[in-house]
Student: 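Structure provided below as structure tokens; questions to follow.
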Protein chains: 2
Amino acid sequence: MRTIEELTAQVRSNGGKVTAQRLLIWQALYNNRTHPTAEELYQKLKQVSPTLSLTTLYNTLNELASWGEIRRIDNGDGSIHYDPFVEPHVELVCLACHKVVDSQSKPALLSAPEEMDGFKIISHSEQYYGYCPVCRSAFNQVNK
Amino acid sequence: MRTIEELTAQVRSNGGKVTAQRLLIWQALYNNRTHPTAEELYQKLKQVSPTLSLTTLYNTLNELASWGEIRRIDNGDGSIHYDPFVEPHVELVCLACHKVVDSQSKPALLSAPEEMDGFKIISHSEQYYGYCPVCRSAFNQVNK
DNA sequence: TTACTTACTTATAATCATTATAAAATAAAA
DNA sequence: TTTTATTTTATAATGATTATAAGTAAGTAA
Ligand SMILES: [Mn+2]
Ligand SMILES: [Mn+2]
Ligand SMILES: [Zn+2]
Ligand SMILES: [Zn+2]
């Protein structure tokens with residue numbers, strides 16, 4: 001995700017308004033290396049700004065996602081997680097418990113081309129699916 | 001996704017039953033290179049088997065996903081898409097219209113390691129996010 | 001400052017994709 | 001066959017996300 005200053009410029013250039021709510025949400029995401037859900041963010045932000053609405057949070061998350069500033073992650077646990085860290089990195093997804101973690105050991109190999117098959121490329125991701133240390137032992141039958 | 005024969009062996013080895021419904025759903029997914037939603041599959045399968053329930057379809061899709069035989073794709077359009085093609089390939093996701101297409105380009109990473117950060121790795125994916133040819137022109141302001 | 005315009009936020013209600021439930025059906029083993 | 005555990009089905013419930021419409025405030029220009 002780009003800096004607050006750059007997002008401010010982005011919104012203004014689109015004829016938009018830099019509101020207290022947008023700033024609050026942006027700040028909660030900036031430099032955030034977890035993969036929070038909308039509800040998790042809401043619980044945290046309500047403590048600072050009790051009148052913040054879930055609708056505004058979703059609107060702002062959708063806006064950031066459509067700009068490519070954050071990325072949606074579906075890990076199969078029922079709600080969407082958001083990743084503000086869109087620089088190339090490797091993610092591990094557990095097929096059993098749905099945990100998603102950034103890899104500590106492996107850097108992303110890829111660099112994104114500017115264009116591919118007519119798409120203008122903004123970012124990319126590398127995901128590995130499998131069974132986490134906790135779930136491995138419980139799922140020996142599928143560890144063929 | 002593995003062959004019907006291999007899935008049959010998998011179910012039986014888990015003490016499960018190879019039912020007409022499982023076979024029907026497996027066949028609809030095998031060699032399917034689209035990214036259908038549960039609803040899209042349901043509409044198609046109902047024509048063959050009118051009493052098939054959505055619940056069974058979801059149960060079977062979740063089962064396949066937990067085995068790593070198919071992969072969930074969240075493109076932000078409100079419902080989950082499923083990809084039965086889990087061999088390494090490149091996908092392009094449009095941030096504006098939510099289209100997901102397989103690219104003809106070769107993936108940068110052809111093989112997954114067996115293990116990473118304690119995870120047993122089953123498959124991996126490479127996704128590029130940006131704006132499709134149709135949406136690019138409409139979104140010139142963000143094509144900075 | 002002031003008023004003005006328009007984008008944004010909020011509370012509320014609605015939607016709809018997915019999951020839970022419990023009775024009926026059936027694959028597979030005995 | 002008979003038995004039994006698994007699966008399926010119809011139905012209802014859940015819960016994440018979105019639509020609505022009235023009120024609020026950011027930005028702009030006197
Ligand atoms: Mn991440
Ligand atoms: Mn694909
Ligand atoms: Zn796990
Ligand atoms: Zn598009």
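Here is how names work: the chains are called A, B, and so on, in the same order as the sequence lines, proteins then strands, and each is numbered from 1.
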Student: Can you list, by residue number, the residues of residues 34-42 of chain B that have a non-hydrogen atom closer than 4.0 angstrom to DNA chain D?
Tutor: none
Student: Please give the angle, rounded to 10 degrees, between the axes at the start and the end of the helix from dT1(C)-dA30(D) to dA30(C)-dT1(D), where five pairs define each axis.
Tutor: 40°
Student: Between G78(B) and R12(B), which is nearer to the 5' end of DNA chain C once each is assigned its nearest nucleotide?
Tutor: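 It is G78(B) whose nearest nucleotide is closer to the 5' end.
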Student: Could you state the CG-C1' distance from N59(A) to dT24(D), rounded to the nearest angstrom?
Tutor: 15 Å
Student: Roughly how many Å is it from CG in N14(A) to P in dC8(C), rounded to a whole number?
Tutor: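 Rounding to the nearest Å, CG of N14(A) and P of dC8(C) are 9 Å apart.
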Student: I need the H89(B) NE2 to D83(B) CG distance, nearest 0.5 Å.
Tutor: 4.5 Å
Student: Atom CG of L57(B) and atom C1' of dT19(C): how far apart are they, to the nearest Å?
Tutor: 13 Å
Student: Mind checking side-chain hydrogen bond (donor to acceptor under 3.5 Å, both in side chains) for Q21(B) and listing every partner two or more places apart, or none if nothing turns up?
Tutor: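 Checked Q21(B) against side-chain hydrogen bond (donor to acceptor under 3.5 Å, both in side chains); zero matches.
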Student: Please round to the nearest 0.5 Å and tell me the distance separating atom NZ of K120(A) and atom SG of C94(B).
Tutor: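 These two atoms lie 13.0 Å from each other.
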Student: Starting the side chain at C-beta, find the nucleotide from dT9(D), dT9(C), dT18(C) nearest to T56(B).
Tutor: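 So the side chain of T56(B) is nearest to dT9(D).
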Student: Answer yes or no: is there a donor N or O on one side and an acceptor on the other, between the side chain of D117(A) and the main chain of S103(B), under 3.5 Å?
Tutor: no
Student: Let me confirm one number: the CD1-NE2 distance from I73(A) to H35(A), rounded to the nearest 0.5 Å.
Tutor: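 So the CD1 of I73(A) and the NE2 of H35(A) are separated by 4.0 Å.
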Student: What are the two closest heavy atoms between V86(B) and E69(B), and how far apart are they?
Tutor: CG1-O, 3.7 Å
Student: Give a yes or no on whether the backbone of D74(B) and the side-chain of H98(B) come within a donor-acceptor separation of less than 3.5 Å.
Tutor: no
Student: Taking atom C1' of dT17(D) as reference, at what distance in whole Å does atom CG of L61(A) sit?
Tutor: 11 Å
Student: For the backbone of T34(B) and the side chain of N32(B), can you confirm whether one donor and one acceptor N or O come within less than 3.5 Å of each other?
Tutor: yes
Student: Please list every donor-acceptor pair under 3.5 Å in which a side-chain atom of residues 40-49 of chain A meets a protein atom from a residue at least two apart or in another chain.
Tutor:
residue	atom	partner	partner atom	Å
E40(A)	OE1	T37(A)	N	3.0
Y42(A)	OH	L52(A)	O	3.2
Q43(A)	NE2	E39(A)	OE2	2.7

Student: Check this one for me: any side-chain N or O of Y58(B) less than 4.0 Å away from OP1 or OP2 of dT18(C)?
Tutor: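 Looking at the OP1 and OP2 atoms of dT18(C), one of them is under 4.0 Å from a side-chain N or O of Y58(B).
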Student: Atom CG of L95(B) and atom OG of S123(A): how far apart are they, to the nearest 0.5 Å?
Tutor: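 Rounded to the nearest 0.5 Å, the CG-OG separation comes to 6.5 Å.
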Student: Mind checking N62(A) for me? I need base, sugar-phosphate or nothing, with any heavy atom below 4.0 Å counting as a touch.
Tutor: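 Sugar-phosphate only.
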Student: Please report, rounded to the nearest Å, how far the P atom of dA17(C) is from the OH atom of Y82(B).
Tutor: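 Checked: the OH to P distance equals 12 Å.
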Student: Verify the neighbour count for atom CD of E87(B): are there more than 12 heavy atoms of other residues, nucleotides or ligands below 6.0 Å?
Tutor: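 Yes.
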Student: Within residues 15-29 of chain A, find the residues that approach DNA chain D with a heavy atom at under 4.0 Å, and present them sorted by residue number.
Tutor: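 Going residue by residue through residues 15-29 of chain A, the ones with a heavy atom under 4.0 Å of DNA chain D turn out to be K17(A), V18(A).
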Student: Rounded off to whole Å, could you give me the CD1-to-P distance for the I80(A) and dT17(D) pair?
Tutor: 5 Å
Student: Is it true that the NZ or CZ of R136(B) lies under 6.0 Å from the centre of Y131(B)'s six-membered ring and within 45 degrees of the ring axis?
Tutor: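 Pair R136(B)/Y131(B) does not count as cation-pi.
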Student: Using whole Å, what does the distance between atom C1' of nucleotide dT8(D) and atom CG of L45(B) come to?
Tutor: 15 Å
Student: Please tabulate the protein-to-nucleotide N/O contacts below 3.5 Å involving nucleotides 19-22 of chain D, giving atom names and distances.
Tutor:
residue	atom	partner	partner atom	Å
dA19(D)	N6	T55(A)	OG1	3.1

Student: Round to a whole Å and report the spacing from CG of D77(B) to P of dA16(D).
Tutor: 19 Å
Student: Using only atom types and a distance under 3.5 Å, with no angle test, would you say the side chain of E126(A) pairs donor to acceptor with the backbone of P88(A)?
Tutor: no
Student: Between R2(B) (side chain only) and Q10(B) (backbone N and O only), is there a donor and an acceptor less than 3.5 Å apart?
Tutor: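 No, R2(B) side chain to Q10(B) backbone: no donor-acceptor pair under 3.5 Å.
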